[in-house]
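Taking it in order: structure first as structure tokens, then the write-up.
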2 protein chains.
Amino acid sequence: MLFGNYIRERREKRKKSDPRYSLRQVASRIGVEPAYLSKVERGDVAPPSEAKIIALATELDEDPDVLLALAGKVSSELQDVIRQRPELFAQLIRELKELPDHAILRVVREIRDGDW
Amino acid sequence: MLFGNYIRERREKRKKSDPRYSLRQVASRIGVEPAYLSKVERGDVAPPSEAKIIALATELDEDPDVLLALAGKVSSELQDVIRQRPELFAQLIRELKELPDHAILRVVREIRDGDW
DNA sequence: TGTACTGTGTACTATACAGTACACATGTTA
DNA sequence: TAACATGTGTACTGTATAGTACACAGTACA
């Protein structure tokens with residue numbers, strides 16, 4: 001799924017029941033020109049900046065990390081965490097790379113519940 | 001520690017015992033102009049691209065992830081891993097953010113040794 | 001003492017990024 | 001049917017990124 005298609009789909013869905021989700025109004029609320037959002041939704045230009053993507057996520061009630069991923073980006077907040085301890089996190093992420101979702105979820109839960 | 005200072009320090013150290021580590025020769029081996037590497041080492045310009053930083057890491061036998069971190073970057077390879085499963089990794093990284101090094105290392109080891 | 005190598009200052013450049021501004025045709029509604 | 005709202009095409013812009021090219025002064029050494 002491409003970023004633009006996904007956004008358009010989500011926005012149009014909301015528009016059905018709420019006219020406040022017209023392209024123009026959403027564009028205005030996230031602070032871009034309508035022509036630009038139009039091009040973004042049609043994949044005519046690259047996805048917007050991280051800040052605009054997060055605004056869009058809030059607006060459409062989507063997970064910002066997922067939208068950023070669709071846009072080929074990783075949240076700068078997460079990048080900052082990694083940059084604080086690059087060896088540790090690099091090792092961890094490479095270790096987890098091949099594991100199935102449920103294994104990673106198990107790690108997340110163990111950390112949340114355990115006495116780390 | 002700034003990226004440029006660090007690189008210069010490491011390079012000069014090697015240069016003491018091996019004249020192949022002059023600024024010019026290293027620049028040539030990693031494929032940039034000497035004037036540029038000079039500016040990079042003095043922090044006169046921003047750190048180079050990911051590819052050049054990795055070449056530099058290889059050249060100076062440093063950890064690429066550490067050099068990238070000093071340059072304010074995160075390896076695109078790690079970013080790709082995160083982008084494959086954004087929710088999962090975002091959750092995990094935020095969870096680990098506050099934990100001390102030894103706790104994260106424990107996770108890494110458990111994954112490596114265990115039956116995940 | 002001249003040749004070769006060292007690091008550096010100045011000027012320039014090509015490409016990507018992240019949009020704006022305005023005009024236009026079509027559609028809706030009061 | 002006038003006023004307003006909708007999405008989109010075209011043209012343009014400022015800033016950042018990632019460097020190159022060339023000249024120059026100082027140092028080493030043969």
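Lettering of chains follows the sequences in order, A, B, ..., and the numbering in each one begins at 1.
Computed from coordinates, the A:Leu37 CG to C:dA21 P distance equals 16 Å when rounded to whole Å. To the nearest angstrom, C1' of C:dG7 lies 19 Å from OH of B:Tyr21. If you measure from atom CD of A:Glu33 to atom P of D:dT6, you get 14 Å, rounded to the nearest angstrom. Rounded to an integer number of Å, the gap from B:Leu23 CG to C:dT6 C1' is 9 Å. C:dA11 atom C1' lies 13 Å from atom CG of B:Asp44, rounded to whole Å. Counting to the nearest Å, the C1' atom of D:dG7 and the CZ atom of A:Arg42 are 8 Å from each other. Atom CG of A:Leu56 and atom C1' of C:dA18 are 15 Å apart (whole Å). Rounding to whole angstrom units, CZ of residue A:Arg20 and P of D:dT6 are separated by 12 Å.
Note that CD1 of A:Ile30 is 10.0 Å distant from OG1 of A:Thr58, once rounded to the nearest 0.5 Å. For the atom pair CG of A:Leu78 and CD of B:Gln91, the computed distance is 11.5 Å after rounding to the nearest 0.5 Å.
Comparing atom distances between the A:Arg24 side chain and each of C:dA21, C:dA23, D:dT20 picks out C:dA23 as nearest. Of the candidates C:dG7, D:dT6, D:dA18, the closest approach to any side-chain atom of A:Lys15 belongs to D:dT6. Listed nucleotides: D:dG9, D:dC22, D:dT6. Nearest to the side chain of B:Ala35: D:dC22. Looking at the side chain of B:Lys52, the nearest of the listed nucleotides D:dG7, C:dT8, D:dG19 is D:dG19. The nucleotide whose nearest atom lies closest to any side-chain atom of A:Tyr36 is, among C:dA18, D:dT6, D:dT8, C:dA18.
The cationic group of A:Arg10 lies under 6.0 Å from the six-membered ring centre of A:Tyr6 and within 45° of the ring axis, placing it in a cation-pi geometry. Judged by the 6.0 Å and 45° rule, A:Arg29 forms a cation-pi pair with A:Tyr21.
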**Q.** 5'-to-3' dot-bracket of DNA chain D (Watson-Crick, G-U; under 3.5 angstrom; crossing pairs as [ ]; | other strand)
**A.** ||||||||||||||||||||||||||||||

Q.
B:Ser28 vs B:Arg24, test: side chain to side chain donor-acceptor pair (under 3.5 Å). Steps then yes/no.
A. CA-CA 6 Å; B:Ser28 154; B:Arg24 270 170 189 273; over 6 Å; no

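The cluster map of Ile, Leu, Val, Met, Phe, Trp and Tyr, joined by side-chain heavy atoms under 4.5 Å apart, puts B:Leu60 and B:Leu68 in the same cluster.
A close approach under 4.0 Å does occur between a side-chain nitrogen or oxygen of B:Arg11 and OP1 or OP2 of C:dG7. Between D:dA5 and A:Ser22, no contact under 4.0 Å exists linking OP1 or OP2 to a side-chain N or O. The side chain of A:Gln25 places an N or O atom within less than 4.0 Å of a non-bridging phosphate oxygen (OP1 or OP2) of D:dT6. Residue B:Ser38 places no side-chain N or O under 4.0 Å from the OP1 or OP2 atom of C:dG9. Taking side-chain N and O atoms only, B:Ser49 has no distance below 4.0 Å to OP1 or OP2 of D:dA18.
Residue-level contact check: B:Val32 touches the backbone only, with heavy atoms under 4.0 Å from sugar-phosphate atoms and none from bases.
Ion pairing between B:Arg94 and A:Asp65 holds under the 4.0 Å rule for side-chain N and carboxylate O. Residues A:Arg11 and A:Glu41 are paired through a salt bridge, judged by an N-O separation under 4.0 Å between the basic side chain and the carboxylate.
In terms of polar N and O atoms assigned as donor or acceptor, the side chain of A:Lys39 comes within less than 3.5 Å of the base of D:dT10 in a complementary pairing.
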